[in-house]
Amino acid sequence: MHKKFDAAAIEQKWQQLWEEQKLYEVGQRDTNKEKEYVLVEWPYPSGNLHIGHWHAFAVPDIYVRFQRMQGKQVLYPMGFDAFGLPAENAAIKRDTDPRTWTESNIAHMKNQLKSMGNAFSWDKTTSSTDEDYYKWTQWMFTQFFENDIAFRGKGIVNWCPGCNTVIANEQVLADGTCERSGDVIEKKEMPQWMLRITNYADRLVDDLEKVDWPEHIKEAQRRWIGRSKGAEIDFKLSTGDNVTVFTTRPDTLFGATYMVLAPEHPLLEKNKKQIQNWDEVVRYIVLSTQKNEQDRLDATKEKTGVRLEGITATNPANNEEIPVFIADYVLASYGTGAIMAVPAHDERDFTFAQKYGIAIKSVVAPQKITHSGALLEVKDKPGTFLWQLRDLDAKTNSGKIGLFGGAIENDEDVLSAVVREINEELEIDLRGYDAVGSYTYPSVKSDCYISATHFSDIQSNYVLHEGEAVLELTIEELLERDNLADSLRVLLEALHGKKAFNTDLGVLHNSEEFDGMSSEDAKEAIVKKVGGRMTSTYRLRDWSVGRQRYWGVPIPIVYDPEGKPHAVPKEHLPWTLPSDVDFKPTGEAPLAKSKELKERTEKLFGAGWTPEVETLDTFVDSSWYFLRYIDNENTDALSALEQQKKWMPIDIYFGGAEHTTMHLLYSRFWQKALFDLGLVVDDEPYAKRINRGLILGPDGNKMSKSKGNVIDPDEQVSRVGADSVKMYLAFMGPYGEVANYPWDMGGIAGIRRFLERVNGLHEHFVETENSEVTKALHKTILKLRTDIRLYKFNTAISAMMQFVNLVEKQGLAKKSYEMFLKSLAPFAPHLTEELWHEAGKTNSVHLEEFPVADPSLAIDDVVTIGVQVNGKMRGAIELAPDVSEEEALLAAKGQSSIQKYLVDKNIGKVIYVPGRILNIITSD
RNA sequence: GCCUCGGUGGUGGAAUUGGUAUACACGUACGACUCAAAAUCGUAUGCCGCAAGGCUUGAGGGUUCGACUCCCUCCCGAGGCACCA
């Protein structure tokens, strides 16, 4: 038995040598090589590496090393996103300053990162807190300011009482709490530095087409931006004012029977003399602004509102006079803060109209009702049935479910004709089937369609045919039955006025000259008639970037004595963060207390000038770090265009799912803004993105100190070594899926065991190896090459395990051993380097070319294929992959296990897929 | 409610993209070595059955010679959005 390898000794030795040899420094771009820019999210220097960092950095390193061994020049940089609240809070707790705390953390974490043994491009590192980094953050901000991308806005902002600062919309979680501190966010009105991300909304949506990202990330960004295409339409008030509304359904304009303004709408104050119930209106406005802070998120609350007495609006489509309300279900911050309400075709408008007795006027008839259902007879109208049909493709017997059968009003002849027709088509008797509930008609072969519009006057009891039983039920009783198909329930509710609105597109009626037109066509036609404008509106809000905290990039703005903001000119950048500040959070910006900052401002700009005292959101810092990496020593530009041309775009960006609608959206916006200013070469930074999942504790829960299930990577490394930790994380599952994997102590032991066996492979050397071994090696190499490119490191590792299992039994030649070491090198860089040298090599294994498989050696000369009889697996035969059908059939017949299924049978048809399957179909 | 993914042994997960389902690893059981334990090695391990054989990829149906894979309906889970007009 060979000696166990000493992971700690090997790893330390090689890490040191690699660093001395500058093995992983990239230096200047070498255009003889293809480039590969691999990006991972730079960490916040919180003090200690956790297992998530390993998952984030060590696993992609496999891909990085593979690409290097393919001869590519790979940039794999690492840096620190070091501004932010935790440093400030820690500094307060320890009575030190954030810079000291941050820098000592960076020093410590750099060592921990180096213990991973990754091929990081340390010569390209940067940190957001370096002055030569944030100088450029500030300069870009001044460029944005001068080009009206950054502006001093005002409005309602999110105030986090825990962080004592304003935060952006993206940083507020769905439950209304802060993503960082967990505190409940308060709404405050205060002036804010904003970035006009909303100007880029269309491009942020449309350019998603250009990038190779998983659909779920794209979709999350689209939904976050929330583009709605619709129209703006002007309504005239009786006071003479115009109110513009936004609607996505201009086709329903003839059904707009009232109008609603948001309680914050500016026209209210302007028209208060004409509003006869002004006191009541004011009370409602006050109430709703208070309510907004707590109940805005509650979608289920009852709708409230107040009618504006004395004011009416005119529906521009038919010139009808309609009432005007204020209601807090209309948000001031979305669209135009005013809506046309169409109760017949919108759920919210419908419930509001019912409550306040407003007319409900249908203008769009549904074309089809897409529900599954049942057979029901209408009591007062014998022979009148509701039934369900499926709209199926006659050929494939699959397709859309749809088309509701209609009631035939008391006309025996028509009814029986239709039923007959249907029965013939369906080849079943509809009446024979148990009634309410869904039923799949197996032999449907045609598409049937009967309009459902006859239903409007059904107000009756129903006769339910349930097997043999015939029951008479009221609508209420029917709706209570739990075997009623959901879709039929919806229809019945609509028929009985329980829910008499319909939001589907359809065909117009009650709409004068547009009657009979489809919703799609009517949208533009009606907008044109009333002089409206087709437009889009967005959910996305401008990005608020000012923070009332200390440890961040000072906003490089100074105010003249009139209070007008000016950008700090380039020659005064970096506009340094003053140190003479008590930064304990009070809600007031700490920089306001800096004497030095104040004096600096007056000295440079003149008496009466004052500095901006807010700092930038740290998401600003991380919006461009990948540009700095590639040109990290440039003193003339944030990142030279010629360097960008050599390295951008980022070929693959590995990161966490939590950044989907924050960092990933912000940095795309930032890139586009820079692109418009000619500062970058492309307007999308990330060609490809992979979100990874989470590593859970051994108990399957999210790791947390309170649960006591935290895995400390340093501890694991000292137990089994860095190679084992890295490989285990890669082995848990495919990397490119947002799946969460529990840490398994047994699992990591299995990986270490595998490496131990690799370490002992020299005991299995043979002069001439079995051809099966050679073949297995080449097949393994082929699989590694495809799997690594698809980030399927788990199956790549399993292929190598299978190879080791085989050669332990059969032995391998030294040449194959060396090829295998090279194949394993990206996964276990330390051990393979050690074994490589033990095998007598003097260069680094990591400078070797990744093995290339010889396809002719990877082909099997004998394969085992399955043999089926009538589609059932009955045995297997071994034969050459290219034998003829006749030979294969002969071999199959020769096997007794298969023979017995063929006794007394004629062979009708044989399906033979060489190398795959033989299927024998008997003809009797 | 809407959108996007998923659902395969006791567990993490494989499956050449329609062709022998459960690779690899963990776990478990038994055995070997050991005074003993750990470690290591060997054998077995989807389920039912003594066996022959039968069943099995969330449930049901369809297409196909053949379905984890494609189509339809339903159920369950994760993530995102949600009074967004």
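The figures here come from the full heavy-atom set of this structure, side chains too, leaving out hydrogens, waters and symmetry mates. So you know, we letter chains A, B, ... as the sequences are listed, proteins then strands, and number each from 1.
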Looking only at atom [atom1], what distance separates [N] and [M], rounded to whole Å?
N	M	atom1	value
B/rU45	B/rG10	P	15 Å
B/rG60	B/rG13	C1'	27 Å
B/rU4	B/rU73	P	14 Å
B/rG7	B/rA14	P	10 Å
B/rG80	B/rG54	C1'	45 Å
B/rC55	B/rU63	C1'	23 Å
B/rU57	B/rA23	C1'	15 Å
B/rU8	B/rA67	C1'	14 Å

- About how many Å separate NZ of A/K361 and OG1 of A/T257, when rounded to the nearest 0.5 Å? 8.5 Å
- Geometric cation-pi criterion, A/R752 with A/F5: 6.0 Å, 45°: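 Yes, a cation-pi geometry holds between A/R752 and A/F5.
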- A/Y538 six-ring face occupied by A/R227 cation (under 6.0 Å, within 45°): no
When both hydrogen-bonding distances must be under 3.5 Å and the geometry is Watson-Crick or G-U wobble, what is [N] paired with, if anything?
N	value
B/rG49	none
B/rU17	none
B/rU73	B/rA59
B/rU11	B/rA25
B/rU64	none
B/rG31	B/rC41
B/rG1	B/rC81

Using a cut-off of 4.0 Å on non-hydrogen atoms, how would the nucleic acid contact of [X] be classed: base, sugar-phosphate, or nothing?
X	value
A/G750	sugar-phosphate
A/R222	nothing
A/P734	sugar-phosphate

- With syn meaning chi within 90° of zero and anything else anti, the base of B/rU64 is anti
- Query: Syn or anti for B/rG62, with syn set at within 90° of 0?
  - Reply: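 Classified anti.
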- Residue closer to the 5' end of RNA chain B, A/W224 versus A/I921 (nearest nucleotide): A/I921
- Task: Could you say whether A/E808 or A/D346 is positioned toward the 5' end of RNA chain B, judged by the nucleotide with the nearest heavy atom to each?
- Result: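 Looking at the nearest nucleotide for each, A/E808 comes out on the 5' side.
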Please state how far atom [atom1] in [X] lies from atom [atom2] in [N], giving the value in whole angstrom units.
X	N	atom1	atom2	value
A/Y728	B/rC24	OH	C1'	14 Å
A/K779	B/rC24	NZ	P	14 Å
A/R753	B/rA38	CZ	P	13 Å
A/M800	B/rA14	CE	P	15 Å
A/Y901	B/rG54	OH	P	5 Å
A/I225	B/rC81	CD1	P	13 Å
A/L665	B/rG80	CG	C1'	14 Å
A/R249	B/rC84	CZ	C1'	16 Å

- Message: As a test of understanding, state which of A/F827, A/F731, A/Y735, A/Y791 forms a side-chain contact (heavy atoms from CB on, under 4.5 Å) with A/V59.
- Response: A/Y735
- Query: Given the rule in the ring pair (Phe, Tyr, Trp, His ring centres under 6.0 Å) test, do A/F352 and A/F325 qualify, once you have shown the distances and angles that lead to the verdict?
  - Reply: CA-CA 10 Å; A/F352 190 86; A/F325 288 76; 5.3 Å; yes
- Nearest to the side chain of A/N805 - B/rG13, B/rC65, B/rC24? B/rC24
- Item | A/R757, nearest nucleotide to its side chain (from B/rA25, B/rG12, B/rA85) | B/rA25
[N] phosphate, OP1 or OP2, under 4.0 Å from [X] side-chain N/O:
X	N	value
A/R752	B/rU40	no
A/K872	B/rC55	yes
A/Y334	B/rA85	yes
A/T661	B/rG80	no

Counting N and O atoms only, with roles assigned by atom type, does the side chain of [X] sit under 3.5 Å from a partner on the main chain of [Y], one being a donor and the other an acceptor?
X	Y	value
A/Y741	A/L729	no
A/T336	A/T244	yes
A/H764	A/Q810	no

- Query: Quick one: what's the B/S/- string for nucleotides 16-23 of chain B, heavy-atom cutoff under 4.0 Å, read 5' to 3'?
  - Reply: B--BBS-B
- Task: Go along nucleotides 1-9 of chain B 5' to 3' and tag each nucleotide: B for a protein heavy atom under 4.0 Å from its base, S when only backbone or sugar atoms are that close, - otherwise.
- Result: -BSS-----
- Query: Is A/R222 salt-bridged to A/E215, going by a charged N under 4.0 Å from an acidic O?
  - Reply: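 Salt bridge between A/R222 and A/E215, a charged N being under 4.0 Å from a carboxylate O: yes.
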- Are any of the side-chain nitrogens in A/D349 or A/K303 under 4.0 Å away from the carboxylate oxygens of its partner?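 Salt bridge absent between A/D349 and A/K303.
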- Would you say A/K355 has more than 12 foreign heavy atoms packed within less than 6.0 Å of its NZ?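 Atom NZ in A/K355 is crowded, with more than 12 foreign heavy atoms closer than 6.0 Å.
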- Item | Evaluation steps, side chain to side chain contact (heavy atoms under 4.5 Å, CB included), between A/I326 and A/H265 | CA-CA 9 Å; A/I326 59 169; A/H265 202 283; over 6 Å; no
- Applying side chain to side chain contact (heavy atoms under 4.5 Å, CB included), run through A/L889 and A/Y912 and close with a yes or a no. CA-CA 9 Å; A/L889 191 57; A/Y912 175 58; over 6 Å; no
